[in-house]
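Worksheet: one structure, shown below.
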Amino acid sequence: MSEHDLQLRGYDAIEYLVGNAHQAAHYYRTAFGFRLMAYAGPETGVRDRASYVLDQGGIRLVLTAGLHPDHPAVRHQARHGDAIRDVAFRVPDAARAFALATERGAQPLQEPRVLRDDHGELVVAAIAVYGDTIHSLVQRDDYHGVYLPGYEPVPEDPLASAAPPVGLTGIDHVVANVHLGEMDAWSAFYERILGFSELRHFDDEAISTEYTALMSKVLWDGNGRIKLPINEPAIGRKRSQIEEYLEANDGPGVQHLALATDDIVATVRALTARGVRFLEVPATYYEEARERVGSVEEAWEDLAELGILVDRDEEGYLLQLFTQPVQDRPTVFYELIQRHGARGFGVGNFRSLFEAIERAQSARGNL
Ligand code: FE2
């Protein structure tokens, strides 16, 4: 660690701005197995919005809806649909991290602010990044409340034991979609301003199908706690999935969250039983994959039954699977990932994956 290091310690929370937080919270609990932890709204003295805090295996999601037409969350939702607004990071010193980031050119969004209640104090600042996305910088070492002042704990979530647990353990990576020609600028932003470095990059040769071409760079914090791939569309024969996203989201934003599990077979079985819908791969995928990947601990019959994808790199292999978009617009979706040593992102699966995405895109009349 140097004096120039922002000391990002990992994700603090992912905040969505949605049209109906009450119902979105129900969805993430029943479909994805999150537990309702805390709530802020008129009943807790917060007059203008309702926010639900959900948690699972250290992943914290916050779902917020504005309660009057001029509320910024309502305007955000009108423009982008239900979307991720904030990828918040934990820091030991928010004022210092904010000062370093803004001195190097990050756009300030919120000056460091001290929030206090009976449970202690926190410092929160924020910078703007791609689209309307922000990174809050949250210093909470001296805070012992459930989330933030204004939130009250929910002691027992009756839905928590309603179905078998899903077993998500953390956030593996958070992927952004930006406009054509903007990937290098954003990757330079994360390197120069937040001190990230480039872990991988994939050009459009590696990632192309008949219809889709995209380029991607993976930025990381150097220790694996934060990995942020950034995609931009490349010229394809038809409209790529990245362009479909940019249109539906009305600009850049978070495309998918990859959530980690230690047992992807059990996780996907639980999610499927809870009604989550995944992209389907053709059965022929597994003939090719067995040859390409070699031996794995899991039974190939289970992987094929559930449509789980497999890829191998120099360090091991990984298993992954992608959901359909989880809101009305074809924007945010989820990846489930289990790593057996591999540190990559499943480049060997990109072609079959994109072909599956294109079948879904075509069904929406957008290809
Ligand atoms: Fe991913």
Side-chain angles (χ1 to χ4, degrees), residues 10-11 14 32 57 59 61 83-84 87 130 133 168-178 183 186-187 190 196 198-204 206-209 212-221 224-234 240-242 244-246 249 252-261 264 267-268 271 276-281 285 289 293 307-313 315-326 330-358 360-361:
Y11 305 98
I14 305 291
F32 280 88
I59 307 160
L61 298 185
I84 292 173
V87 177
Y130 46 83
T133 314
L168 301 174
T169 58
I171 296 174
D172 188 90
H173 57 275
V174 178
V175 182
N177 281 342
V178 301
M183 176 184 69
W186 282 110
S187 119
Y190 280 98
F196 283 57
E198 193 178 309
L199 179 64
R200 303 270 153 116
H201 96 257
F202 306 104
D203 60 20
D204 52 344
I207 317 181
S208 65
T209 66
T212 291
L214 69 86
M215 297 188 287
S216 188
K217 282 189 174 174
V218 183
L219 283 300
W220 78 322
D221 60 351
R225 284 193 289 239
I226 304 171
K227 287 175 280 185
L228 307 175
I230 302 170
N231 298 329
E232 74 170 30
S240 78
Q241 43 154 315
I242 309 300
E244 184 194 39
Y245 172 100
L246 292 168
N249 189 61
V254 173
Q255 177 209 38
H256 74 268
L257 295 184
L259 304 179
T261 166
I264 198 167
T267 293
V268 173
L271 292 172
V276 174
R277 290 173 60 236
F278 295 96
L279 289 174
E280 285 171 19
V281 285
Y285 170 84
V293 176
I308 295 168
L309 307 173
V310 194
D311 195 28
R312 185 179 284 283
D313 63 22
E315 291 152 307
Y317 70 99
L318 62 81
L319 303 149
Q320 62 186 170
L321 180 57
F322 297 83
T323 73
Q324 300 278 359
V326 291
T331 52
V332 179
F333 60 88
Y334 286 84
E335 172 180 351
L336 291 313
I337 184 164
Q338 180 180 5
R339 295 183 180 278
H340 285 273
R343 295 201 298 162
F345 294 84
V347 70
N349 288 319
F350 284 3
R351 175 175 293 272
S352 46
L353 168 66
F354 293 157
E355 285 167 356
I357 293 176
E358 285 155 13
Q361 198 180 339

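Computed over heavy atoms, backbone and side chain alike; hydrogens, waters and symmetry mates excluded. Counting from 1, the numbers follow the sequence of the chain as shown. When a ligand or atom number is given, it counts from 1 through the structure's own listing order.
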With sequence neighbours excluded, what pairs up with E280 under the side-chain hydrogen bond (donor to acceptor under 3.5 Å, both in side chains) test?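 E280: no side-chain hydrogen bond (donor to acceptor under 3.5 Å, both in side chains) contacts found.
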Which residues pass the side-chain hydrogen bond (donor to acceptor under 3.5 Å, both in side chains) test with D311, not counting sequence neighbours? R292
Do N249 and T331 have side-chain N/O donor and acceptor atoms under 3.5 Å apart?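 No, no side-chain donor-acceptor contact under 3.5 Å.
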For H256 and F322, take the angle between the two ring planes, folded into 0 to 90°, and tell me which bin it lands in: parallel under 30, tilted 30 to 60, perpendicular over 60.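 The rings of H256 and F322 stand perpendicular, inter-plane angle above 60°.
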Can you sort out the partners of V218 under side chain to side chain contact (heavy atoms under 4.5 Å, CB included), two or more places apart, ordered by chain and number?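 For V218 the side chain to side chain contact (heavy atoms under 4.5 Å, CB included) partners, ignoring immediate neighbours, are L199, R200, F202, P229, F345.
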Just to be careful: counting only protein atoms that are N, O or S, how many fall under 2.8 Å of the Fe ion (ligand 1)?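 With waters ignored, the protein N/O/S count below 2.8 Å is 3.
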Before accepting this row, confirm whether a basic side-chain N of the pair D313/R343 lies closer than 4.0 Å to the acidic partner's carboxylate O. no
